Amino acid sequence: MIEKSIHEINNRIRDGSVNVVTAEEMVDIVAELGVEGATREVDVVTTGTFGAMCSSGVWLNFGHSEPPIKMSKVWLNNVEAYSGVAAVDAFIGAGQLSEAEGMDYGGAHVIEDLVRGRSVDLHATAYGTDSYPRKVLDTTINIYDLNQAIMLTPRNAYQKYNAATNGTSRTIYTYMGSLLPNYGNVTYSGAGVLSPLSNDPTYQTIGTGTRIFLGGAQGYIVGEGTQHSPQNDFATLMLKGDLKEMSSKYIRAANFHAYGTSLYVGMGIPIPVINEKVALSTAVTDDDIVTNVLDYGIPSRDRPPLRTVTYGELRSGMIELNGKEVPTSSMSSFKTARKIAEELKDWIQNGEFFVTAPVEHLPSQTACNPMKQTGISPLVDDIMSKNVVIIEQTASFHQAAKMIMDNAYDHLPVVSENNELVGIVTAWDISKAVARDEHNLVKDIMTKKVMTANPDDPVEIAARTLDKNSVSAMPVINANRNVIGIITSDDISKLLARRV
Amino acid sequence: MNISQAHFDSTHGEVIADIDKDHFKAIKDALTAKGAQVIVLDYPIVRDEEECIECGACISVCHVNVFSFSRDWSLEMDTDKCIQCGTCIKMCPHNALTLEH
Ligand code: SF4
Ligand code: SF4
């Protein structure tokens, strides 16, 4: 059994004899020399990843103003930062949206602007105290004006991530990008063979205090990240680094259409090859890393996996899904991940970066549990109106008009002979028919593409469907497409009014 | 004429088609006479290389395979194939893609 100490490896870095390879190169080395030979030969294996890490942010300290202010609310370029701490500290989070520009600009863009040395408008308000009399402040700052700009990310560097697809009939927009209808594409994230945590999945060398590559500078692992879930290989890290030293090559703002903003963070971990077990784990390949393909069309926390897939398959550009070849695409940049692993390798070879032993190992037993919800969320069945008037598709348009008049309903679900929902007629469809002088059957004037709800859907899901499609009512149907009720935006507003 | 995309609803419709140069005028006149509007799509997708991080997110949403990875995981484009549908613009997380008119 070969054992190497961190001290020994650092001495080799100091005298220039260190042998550093990337995790990609290590695969071939282990195949060629065997685990023992590779352990003897290689001192450090470098990794890298560059992907969207929404759970990122930066602590800023602005220095004190004259007269001083204890900021209670802070905005940077109209993006709110959290300042519920001491007078002039604030945390800008990547996902916070601009109050002026919405999804086009967010905390991630403020962070990128700071990294690029651009000026940022600072606006703050306060309630005023004896020691901090000022109530409003407006100024312009850049990163050099700040005392500190410390990146502190609650959750980065996911070991791997679920691949995403969409089984609904419409394109959906997610933090995994645009997902085309009917399983039209699959997106994934993570660097596979170069993924930092996948190269040391039992945390033999990674833990609190580990020195890493973060945003183009040296940073540190604080410890486990939020939602750290080691038992199913979804480990995460909390990271810290000095934003003032980082580069816009590795810190980039992103906009996910109809989802929001996020920050692409470049990070890499050097893995000191202290024994054969570590050497073996750094020989991991894309084909060894398995993840699930989930249907993001299901608006629930629990999405049953459609299939398992390896990063090797995902990175081939096509995977099979329900017997069909589906194109895949990566949301993270493998090319940049490679650049990071190479740059970290250069630093170590040039004696600019020394490896560390963790002060504390990462927990390996924690789980990511769902939220405890005390309020029971109401279901569509609880608030839909059950006495719904329906009409047959072969009825005349006059009958439909009369039914709407008599019942003061705006929406009439239309059914076929065997009582299945086939469309919907609204007062508007009838007016259109009148205006055009088309006195046809219901089936000729109805809207065929009708949104529906299921009785056991949470009301929030129905509300989102109404909202997204700008309709004010939806038939509620059972598994046989029989209409069992109707839910309207009025029902939902009433429910919300009761809750307040 | 090779129809690559068609969208219709109750009020209007849109067809994207490949038309031979020699037949273009005849087809255009025929369509215009029927009240259709004909727009020539010859400004393919443009990528801002400064903004692009070469993630490849755009690859799976383009039906005509404009985007692909080269061997070293750089993004390659075959813009001749672009039918200007605009799908990739919403996909790109870095606002690197645009269509000019
Ligand atoms: S999605 Fe945008 S950033 Fe990613 S490769 Fe395509 S153009 Fe570049
Ligand atoms: S505009 Fe459409 S056809 Fe052109 S590259 Fe983008 S997705 Fe492909």
Side-chain angles (χ1 to χ4, degrees), chain A residues 50-52 104-105 108-109 112 164-165 171 173-180 184-189 191 194 248-250 252-264 266 314-319 326-339 429 432 445 447-449, chain B residues 3-14 16 35 44-79 81-100:
Chain A
F50 185 54
D104 290 343
Y105 189 92
H109 297 79
E112 183 181 328
T165 188
T171 300
Y173 300 101
T174 72
Y175 61 83
M176 294 297 285
S178 315
L179 298 172
L180 305 179
N185 66 337
V186 170
T187 62
Y188 66 97
S189 191
L194 283 174
S248 58
K249 269 201 292 193
Y250 304 114
R252 292 290 276 275
N255 304 72
F256 288 92
H257 180 77
Y259 172 78
T261 61
S262 184
L263 191 68
Y264 273 57
L314 288 167
R315 291 186 56 209
S316 76
M318 283 279 177
I319 66 163
V326 178
T328 61
S329 51
S330 166
M331 303 306 296
S332 52
S333 168
F334 190 76
K335 195 178 173 190
T336 312
R338 225 183 220 175
K339 250 190 239 162
D429 293 321
K432 263 196 307 194
I445 60 166
T447 305
K448 292 196 180 90
K449 206 177 150 206
Chain B
I3 294 183
S4 49
Q5 283 207 2
H7 306 280
F8 290 99
D9 64 26
S10 51
T11 54
H12 71 289
E14 207 175 74
I16 300 177
I45 198 78
V46 177
R47 177 171 61 121
D48 178 339
E49 290 183 17
E50 288 298 306
E51 290 298 330
C52 174
I53 59 135
E54 299 182 273
C55 55
C58 45
I59 294 175
S60 73
V61 295
C62 176
H63 290 296
V64 293
N65 302 323
V66 166
F67 307 101
S68 59
F69 273 134
S70 67
R71 284 192 63 115
D72 72 344
W73 301 95
S74 300
L75 190 78
E76 285 188 341
M77 293 169 73
D78 183 354
T79 49
K81 290 187 193 158
C82 177
I83 53 166
Q84 289 173 261
C85 68
T87 313
C88 58
I89 298 175
K90 283 184 182 162
M91 176 54 139
C92 176
H94 294 271
N95 288 333
L97 299 171
T98 42
L99 282 172
E100 288 160 27

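Reminder, nothing fancy here: chain letters follow the sequence lines and each chain counts from 1. Owing to the predicted nature of the structure, the values given are computational and were not obtained by experimental measurement.
Interface residue A/A253: only backbone heavy atoms are found under 4.5 Å from chain B. Neither the backbone nor the side chain of A/V326 comes within contact range of chain B, judged by heavy atoms closer than 4.5 Å. Only the side chain of A/Y264 comes within less than 4.5 Å of a heavy atom in chain B; its backbone stays farther off. When heavy atoms are compared at a cutoff of 4.5 Å, B/C92 approaches chain A solely by way of its backbone atoms N, CA, C and O. When heavy atoms are compared at a cutoff of 4.5 Å, A/R315 approaches chain B by way of both its backbone and its side chain. Residue A/F50 touches chain B through its side chain alone, counting heavy-atom pairs closer than 4.5 Å. Contact annotation for A/T328: only backbone heavy atoms (N, CA, C, O) come within less than 4.5 Å of a heavy atom of chain B. If you measure heavy-atom distances from A/S330 to chain B, the contacts under 4.5 Å come from both the backbone and the side chain.
A/S333 places a side-chain N or O within donor-acceptor distance of the main-chain N or O of B/I53, the cut-off being under 3.5 Å. Distance alone, capped at 3.5 Å, is enough to place a donor-acceptor pair between the A/S329 side chain and the B/A57 backbone.
The CD atom of B/E54 sits 11.5 Å away from the CZ atom of A/R338 when rounded to the nearest 0.5 Å. Taking NE2 of B/H94 as the start and CZ of A/F256 as the end, the distance is 6.5 Å to the nearest 0.5 Å. The structure places OG of B/S70 at 7.0 Å from NZ of A/K335, a figure rounded to the nearest 0.5 Å. Once rounded to the nearest 0.5 Å, the distance linking CG of A/N185 with SG of B/C62 reads 11.5 Å.
In terms of heavy-atom proximity, B/S60 sits nearest to A/V186 at OG-O, 4.2 Å. Here the closest heavy-atom approach between residue B/M91 and residue A/M331 is recorded as CE-SD, 4.1 Å.
Looking at heavy atoms from C-beta onward, B/K90 lies out of side-chain contact with A/T171 at the 4.5 angstrom threshold.
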